[in-house]
2 protein chains.
Amino acid sequence: MLGLSTEKITETLKILHDPTRLLLMKLLTEKEYCVCELVGMFEVSQPAMSQHLRKYKKAGLVCEEKRGQWRYYCFNEACEQHILVEQIIGQLDDNDEQLIKLRSKAEAITC
Amino acid sequence: MLGLSTEKITETLKILHDPTRLLLMKLLTEKEYCVCELVGMFEVSQPAMSQHLRKYKKAGLVCEEKRGQWRYYCFNEACEQHILVEQIIGQLDDNDEQLIKLRSKAEAITC
DNA sequence: ATGTTATATAAGGCAATCATTATATACTTG
DNA sequence: CAAGTATATAATGATTGCCTTATATAACAT
């Protein structure tokens, strides 16, 4: 086991220490979402969501796919930090109220 | 497995996203240190170290023991977030240069 | 081509974080 | 008790982070 550098770990924790980004990452490990869905689910502004996603992208945490006028994001399972990320979100209570609400909202959204 | 709340996880990540506090936590899981040792090892000011330790303490991450004029700190293995913390520091490369330097400095310090 | 929708980027403001300087507390030693 | 050492706390200032507003880009529809 080689392990990660201090810098890589702190970079990852800086990204996931935000509640929106922590829950968002949990969802992105389960399936892909397009930006407009995420904006609706989290009730944040479109630029705010876009900036959250940019942080993930800069750290290599997500895959991005453009289809039509939409961009879909999901967790990049091949990233260097994938075990760390999986362990962190694995600590989340699966019955977390916010998570349940987010998932139910997702179903109601059509971009 | 119950899991932790979003707030508890983000609180913990906020504490460990700082490189000094990440490495420091790694050391505190191995053995106890007094504040003056830590100040010498990390080459930070005494108040800065004291404030780092206060953050740990506020989050319940450390045990504190006063012996003589020294205060010794170590990881609180009974804390709610102990698995999360152990997983995060478990990702650290054990041969991390900074870690090796810190440990060798520790031996040279006598308060 | 024009308008509309989806998304990104840039610029600005406010709040949180981190280190520093200064001061306080508490124990120890003479 | 006075001086010294270890530690904590408070106040200030600089930096960073996150959101907002405004604007740009790109795909699609008419």
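Just so we're on the same page: letters track the sequence lines, and every chain starts at 1. These numbers were taken from a predicted model, which means no experiment stands behind them.
Between Glu107(B) and Arg103(B) there is no side-chain heavy-atom pair separated by less than 4.5 Å. Between Ile15(B) and Leu22(B) the shortest side-chain heavy-atom distance does not fall below 4.5 Å. Using a 4.5 Å heavy-atom threshold, the side chains of Tyr33(A) and Met41(A) count as touching. Asn76(B) is not listed as a side-chain neighbour of Leu61(B), based on a closest heavy-atom distance of 4.5 Å or more. The shortest side-chain heavy-atom distance between Leu13(B) and Ile88(B) falls under the 4.5 Å cut-off.
Taken residue by residue, residues 56-71 of chain A places heavy atoms nearer than 4.0 Å to DNA chain C at Glu64(A), Gln69(A), Trp70(A), Arg71(A).
Using a 4.0 Å cut-off between charged side-chain N and carboxylate O, Arg67(A) and Glu32(A) make a salt bridge. Using a cut-off of 4.0 Å between Lys/Arg side-chain N and Asp/Glu carboxylate O, Lys14(B) and Glu11(B) are scored as not salt-bridged. Using a 4.0 Å cut-off between a side-chain N of Lys or Arg and a carboxylate O of Asp or Glu, Lys57(A) and Glu64(A) qualify as a salt bridge.
Among the atoms of the strands shown, none is found under 4.0 Å from any heavy atom of Tyr72(B).
Put simply, chain B comes within 4.0 Å of DNA chain C, heavy atom to any atom, from dT17(C) to dT28(C), going 5' to 3'.
At whole-Å resolution of the value, CD in Gln46(B) and P in dT9(D) are 11 Å apart.
Between Tyr73(B) and His17(A), the one whose closest nucleotide on DNA chain D sits nearer the 5' end is Tyr73(B).
A cation-pi contact, defined as under 6.0 Å to the ring centre and within 45° of the axis, is absent between Lys58(B) and Tyr56(B).
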List the steps and the verdict of disulfide (SG to SG under 2.5 Å) for Cys111(B) and Cys36(B).
CA-CA 6 Å; Cys111(B) 302; Cys36(B) 55; 2.0 Å; yes
Tabulate atom names and distances for all N/O pairs under 3.5 angstrom spanning the protein and nucleotides 19-21 of chain D.
| from | atom 1 | to | atom 2 | distance (Å) |
| --- | --- | --- | --- | --- |
| dC19(D) | OP2 | His52(A) | NE2 | 3.3 |
| dT20(D) | OP2 | Ser45(A) | OG | 3.2 |
| dT20(D) | O4 | Gln51(A) | NE2 | 3.1 |

